[in-house]
Amino acid sequence: AWFKDPRLQRVFRLLNADGGEGRVVGGAVRNSLMGLPVSDIDIATTLTPDAVMERAKASGCKAIPTGIEHGTVTLVIEGKPFEVTTLRTDVETDGRRAKVAFSTDWQADAERRDLTINALYMNFKGEVVDLVGGLADIQKRNIRFIGDAATRIAEDYLRILRFFRFFAHYGSGRPDAEGLRACSAARSKLTTLSSERVWSELRKLLAAGDPGRALLWMRQVSVLTEVLPETEKWGIDAIPGLVATEKALAWKPDPLLRLASIVPPDAERLEKMADRLRFSNAEAAYLRSWAAAPAVDDEMSAAAIDRLLYRSGAEGIVTRLKLALAVARGKADGDMKEMSRSARLGKLLDRALAWKRPQFPIGGGDIISTGIPAGPRVGELLAKLENQWVDENFAADRATLLARLDEISR
Ligand code: ATP
Ligand code: MG
């Protein structure tokens, strides 16, 4: 159905006129052949970016030069974006970024891509063009570098992580042995990459349906500790339980929760990790709130959880409860004690998710109006009353609290 989209067909007509040619490439072809949903459609073309811009203009189609120096123009047709990139060939690589030249050679364009499954093209008729043996690898779900693995990795060390990312999402069985060896041999070069590229790959890897196998292989060949030394302490044993729990409870796969399950909740180390990998503010805040929240356990009463929620905020407590639940469920298979532990944690989690912060019923004005003069004393009294109010599980109302003023202000 994605291929019949009239908007895609319009892109083909635009590019294929007068001796030009465009073909769908990369993720769309790969996913479509694997029977998976297709989202972004990337197009490769023999036309130069300028020619693509010109043709778009002539036919009244919106074109944005999103990366014209890399050869990319985004065509927007009835709101749908298509990334159209001129065929390229590598002229020089330094292991971080390749210098490329535009070309009209499909074979060269295929050969500069990373993995065989990512180098398949589909022409305007829907025919698959396989120049590097990708089709057979798609069928075997074999993740394999194009050409000599070590050479391809030395051109761009990010490909080490891409190998494991694509294995996590699409691979089956064992990873290709040559690829695995080459990734391991080059692993120390991972620290030369820009943090943004590393974290962006890791995040995608951690978002896979089940990243567990890929992480195990990464650890096995010592790639994991190059990029996530924080995992050395706790290992990655929590992942299977977490993934199973996400499935059973219909939680959205959450790369950060998965990351949290394999690193210690040590505030200082987490700050360093956030800096090193350039986490977004939201990502750093998520992990920070988790590390700052107190540990939870299944024996806590509902009231105790309510107090924690009020005092440390819901986000961190929810993360703590989710991880504790995943660990308990991971061990629960046939174990009565862990089963009732997870049942209790599940209830606490539901409570935390539904929790609404109660409003402390009095303010500074109320205290001043009892005759206490404005000043730091007011804040102290308020804090004291609030503390009592929380300790008593939010039961006291305005009148009760104000009636206590006399007593506590003495
Ligand atoms: P998805 O978008 O689903 O993550 P994709 O295959 O489209 O998967 P992208 O990262 O969007 O992946 O890259 C598009 C294509 O560009 C890839 O399929 C691959 O052919 C090529 N490519 C991307 N990054 C590299 C790289 N570092 N080295 C070589 N080729 C690459
Ligand atoms: Mg893509």
Side-chain angles (χ1 to χ4, degrees), residues 2 8 22-45 66-67 70-74 80-101 103 106-122 128-135 137-138 141 143-171 179 182-183 186 189-190 192-194 196-209 211 214 253 255:
W2 69 275
L8 172 60
R23 297 173 184 172
V24 182
V25 67
V29 183
R30 178 196 66 225
N31 284 18
S32 161
L33 289 169
M34 288 185 174
L36 299 169
V38 167
S39 47
D40 300 344
I41 301 180
D42 298 322
I43 315 254
T45 181
T66 37
H70 313 111
T72 305
V73 173
T74 302
K80 184 165 178 64
F82 296 87
E83 279 212 344
V84 178
T85 304
T86 304
L87 301 191
R88 288 174 295 184
T89 159
D90 286 337
V91 283
E92 200 187 313
T93 54
D94 63 358
R96 281 142 57 83
R97 285 259 182 236
K99 282 205 179 60
V100 295
S103 94
W106 291 98
Q107 185 72 38
D109 186 75
E111 284 173 5
R112 63 167 287 281
R113 295 175 185 274
D114 50 359
L115 303 166
T116 58
I117 60 164
N118 286 345
L120 291 159
Y121 302 87
M122 194 178 273
V128 174
V129 184
D130 179 10
L131 304 173
V132 292
L135 213 43
D137 286 331
I138 293 242
R141 300 228 162 202
I143 312 305
R144 189 166 64 84
F145 287 102
I146 299 166
D148 177 61
T151 311
R152 304 314 313 284
I153 290 170
E155 290 164 2
D156 178 1
Y157 293 107
L158 191 72
R159 291 174 186 164
I160 298 172
L161 297 180
R162 289 178 62 86
F163 177 77
F164 291 104
R165 192 245 286 194
F166 286 99
F167 179 74
H169 282 269
Y170 311 108
C183 285
K189 301 289 191 180
L190 281 164
T192 66
L193 294 169
S194 87
E196 286 83 358
R197 295 184 81 207
V198 169
W199 174 231
S200 159
E201 273 312 316
L202 279 179
R203 193 196 285 114
K204 288 179 187 165
L205 190 155
L206 287 167

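All of these numbers come straight from a predicted model, not from anything done at the bench. As the structure lists them, so they are numbered: ligands from 1, and atoms in each ligand from 1.
Distance from atom 15 (C) of ligand 1 to its nearest protein heavy atom, with residue and atom name: R113 NH1, 3.7 Å. Residue, atom and distance of the protein heavy atom nearest to atom 7 (O) of ligand 1 are G27 N, 3.4 Å. In this structure, atom 2 (O) of ligand 1 lies nearest to the protein heavy atom D40 OD2, 4.7 Å. For atom 27 (N) of ligand 1, the closest non-hydrogen atom on the protein side is D156 OD2, 2.9 Å. The shortest contact between atom 19 (C) of ligand 1 and any protein heavy atom is with D114 OD1, 3.6 Å. The protein heavy atom nearest to atom 14 (C) of ligand 1 is D42 OD2, 4.0 Å. For atom 18 (O) of ligand 1, the closest non-hydrogen atom on the protein side is N118 CB, 3.2 Å.
Where the criterion is an N or O separation shorter than 3.5 Å, residue side chain and backbone included, R30 meets it with respect to ligand 1.
Residues that satisfy the side-chain hydrogen bond (donor to acceptor under 3.5 Å, both in side chains) test with N31, not counting sequence neighbours, are Y170. For R197, the salt bridge (Lys or Arg N to Asp or Glu O under 4.0 Å) criterion is met by D156, not counting sequence neighbours.
Taking all heavy atoms of R112, R162, R159, R88 into account, the minimum distance to atom 9 (P) of ligand 1 is reached by R162. Taking only non-hydrogen atoms, the option from E201, R152, R165, H169 nearest to atom 1 (P) of ligand 1 is R165.
Atoms of ligand 1 lying under 4.0 Å from any heavy atom of G26, numbered from 1 in the order shown and given with element: 18 (O).
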